[in-house]
Novice: 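Quick one: the structure is below, and I'll ask about it shortly.
Chain letters run A, B, ... following the sequence lines, proteins first, then strands; residues in each count from 1.
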Number of protein chains: 2
Amino acid sequence: MSRSDTPLVLVVDDEPAQRALLSYNLEAAGFRVATASDGEEALLVVSEEAPDVILLDWMLPRVSGIEVCRQLKAQRGGADAAIIMVSARSDESDRVRGLETGADDYITKPYSVNELLARVRANLRRVRPARAGQVLDVGDLTLDPEAHRVHRSGAELHLGPTEFRLLSALMEKPGRVWTREALLDRVWGRDIYVDTRTVDVHIGRLRKALMAQGGDDPIRTVRGAGYSLD
Amino acid sequence: MSRSDTPLVLVVDDEPAQRALLSYNLEAAGFRVATASDGEEALLVVSEEAPDVILLDWMLPRVSGIEVCRQLKAQRGGADAAIIMVSARSDESDRVRGLETGADDYITKPYSVNELLARVRANLRRVRPARAGQVLDVGDLTLDPEAHRVHRSGAELHLGPTEFRLLSALMEKPGRVWTREALLDRVWGRDIYVDTRTVDVHIGRLRKALMAQGGDDPIRTVRGAGYSLD
DNA sequence: GCATTCTGTGACGGTTCGGTGACAGAGGTC
DNA sequence: GACCTCTGTCACCGAACCGTCACAGAATGC
């Protein structure tokens, strides 16, 4: 099955030891993990990989966590993710400020691993409600993962396995622009190496299939960035 | 004994001891049992194995049973199962909340094994009347589990035992795509090891039998995924 | 305008996947 | 024992699918 079923958690912390610890625990719990050591990197990862949950350290070098949080929320794609602020201070005012800035949740050190995982799962549920098995609906497109069927305005379309997974990924966050790398990761799996141009070809094939029975091209090419479904 | 005729009960409880106890009692009563220790796992099992009854502990770690229940009901496949909430509290408000969330029944600890089994059977009858000897009907196909007979457009077909079980499994959720692994699990049993290609061969034999007296092939092959009955 | 970069797409070789006939073994029946 | 049915595995073939490339055309920058 495709990787895209496993939720992605982004850990933003400047301490390598903290990142390693969090990654370890999260991966042990079955999540995919991406890391970033500062706000800039975090923004990059968010635009590339569209994480589902972001664990954001309050005390970051150069740019404060709050600022990063604000930017993440402002950035397209970041708005889809749940942001959990991690802070050493249990100060109430910090908490309020964090949540005001757009954080979805707030957790103070020291915390237990279970507590952390609980927060991540809880936010994940909110952000990505029970995706498995749910019928996806975007515009005149309908994708039923369980029956493995795709319809456009009622008419059934025939897609190959890769096109099917590609369309699932695109339909999960309509409007979002996916880089080729992100799509490779989600549709092909992160350990497989294939050329990024392969994505182009499959997007082409997907377009052909989607327009086989008429209708506009629902896939938008963003030059220099990637593709999105509208 | 035909595997797919045996109802599947999913036990969701975070306590290993509870799971073991319930499994033991349910299996002794002739049910097949699957277990899950949290909501996430439960959702997975539901989408993979399509249980008939779900015994859901109210007090789950991290995610409350209510939340899990809501998600199960929302998920395709979960809606077909009866959900019985198991709670330590006999509180009336809890009961109401549970039922409001979509639970089909409610049982409070302490309960006797007989009481538990009675509830499971009662809900099973409601949810899967086929158990009571009711025939399965899909398109022009009719399968009578009790009489062990299959008809297509009135004409009786001859199926071997494995083909019969295979068809029962497929007919239980028409349209749903079953992976070879899921079918092996359901038709052959989870402890038996046979090659997944064996499924192909039996699908072939089943098709042959189904089309012996004319008619289209009712089984759809989904490349890279599995089979489904339409 | 021109040069450059990026994208769409047809073609192609190679691979994987699924259908099927053949076969040997297990188990049951007479 | 002699049949018969059913089962799981294998080998083979054809079809579907995949990844890459080359080239043309579009978009962008200067």
Novice: Is a side-chain donor or acceptor of B/R220 paired with a backbone partner of B/S228 at a separation under 3.5 angstrom?
Specialist: no

Novice: Decide, yes or no, whether a salt bridge links A/E146 with B/K173 under the criterion of side-chain N to carboxylate O below 4.0 Å.
Specialist: no

Novice: Measuring to OP1 and OP2 of D/dA22, would you say a side-chain N or O of A/R197 lies under 4.0 angstrom away?
Specialist: no

Novice: 5'-most contact on DNA chain D: A/T196 or B/T162, nearest heavy atom basis?
Specialist: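 By nearest-heavy-atom nucleotide position, the 5'-most residue is B/T162.
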
Novice: Going by heavy atoms closer than 4.0 Å, what residues in residues 198-220 of chain B are next to DNA chain D?
Specialist: B/T198, B/V201, B/H202, B/R205

Novice: Output yes when at least one side-chain N/O atom of B/T221 is less than 4.0 Å from OP1 or OP2 of C/dG19, else no.
Specialist: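 Indeed, a polar side-chain atom of B/T221 lies that close.
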
Novice: Applying the side-chain hydrogen bond (donor to acceptor under 3.5 Å, both in side chains) criterion to B/E163, which one of B/K208, B/H158, B/H202, B/R207 satisfies it?
Specialist: B/H202

Novice: Where the side chain of B/D137 meets the backbone of B/T142, is there a donor-acceptor pair that is under 3.5 Å apart?
Specialist: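 Here the side-chain-to-backbone pair does not exist.
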
Novice: Can you measure B/H158 atom NE2 to D/dC4 atom P for me and round it to whole angstrom units?
Specialist: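 Distance check: B/H158 NE2 to D/dC4 P gives 14 Å.
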
Novice: How about A/R180 and A/D200: do any of their side-chain heavy atoms sit closer than 4.5 Å?
Specialist: yes

Novice: Under 4.0 Å: is that the gap between some side-chain N or O of A/Y227 and OP1 or OP2 of C/dG8?
Specialist: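 Checking C/dG8 against A/Y227, a side-chain N or O does come within under 4.0 Å of OP1 or OP2.
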
Novice: What is the distance, rounded to the nearest whole Å, between atom CG of B/L159 and atom P of D/dC6?
Specialist: 10 Å

Novice: Between C1' on D/dC18 and CZ on A/F164, what's the gap in Å once rounded to a whole number?
Specialist: 18 Å

Novice: For B/R149, does the CZ atom have more than 12 heavy-atom neighbours from other residues, nucleotides or ligands under 6.0 Å away?
Specialist: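 12 or below, so no.
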
Novice: If we ignore hydrogens and angles and just use 3.5 Å, is the side chain of A/Q213 paired with the main-chain N or O of A/E156 as donor and acceptor?
Specialist: yes

Novice: Look at the side chain of A/V194 and decide which nucleotide, out of D/dG19, D/dC17, D/dG8, has an atom nearest to it.
Specialist: D/dG19

Novice: Please confirm whether the shortest side-chain N or O distance from B/W188 to OP1 or OP2 of D/dG8 is below 4.0 Å.
Specialist: yes

Novice: Are A/V138 and A/L170 close enough that some pair of their side-chain heavy atoms sits under 4.5 Å apart?
Specialist: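 A/V138 vs A/L170: side chains apart.
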
Novice: Checking side-chain contact (heavy atoms from CB on, under 4.5 Å) against B/D57, which of B/V12, B/D13, B/L22, B/D38 comes through?
Specialist: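 In the set B/V12, B/D13, B/L22, B/D38, the residue that makes a side-chain contact (heavy atoms from CB on, under 4.5 Å) with B/D57 is B/D13.
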
Novice: Between the axis at one end of the helix from C/dG1-D/dC30 to C/dC30-D/dG1 and the axis at the other (five pairs apiece), what's the angle to 10 degrees?
Specialist: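 Both end axes considered, the difference amounts to 30°.
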
Novice: A/L183 has an atom CG; how far is it from atom P of D/dG19, in whole Å?
Specialist: 13 Å

Novice: Nearest whole angstrom, please: distance from the P of C/dT4 to the CZ of A/R223.
Specialist: 15 Å

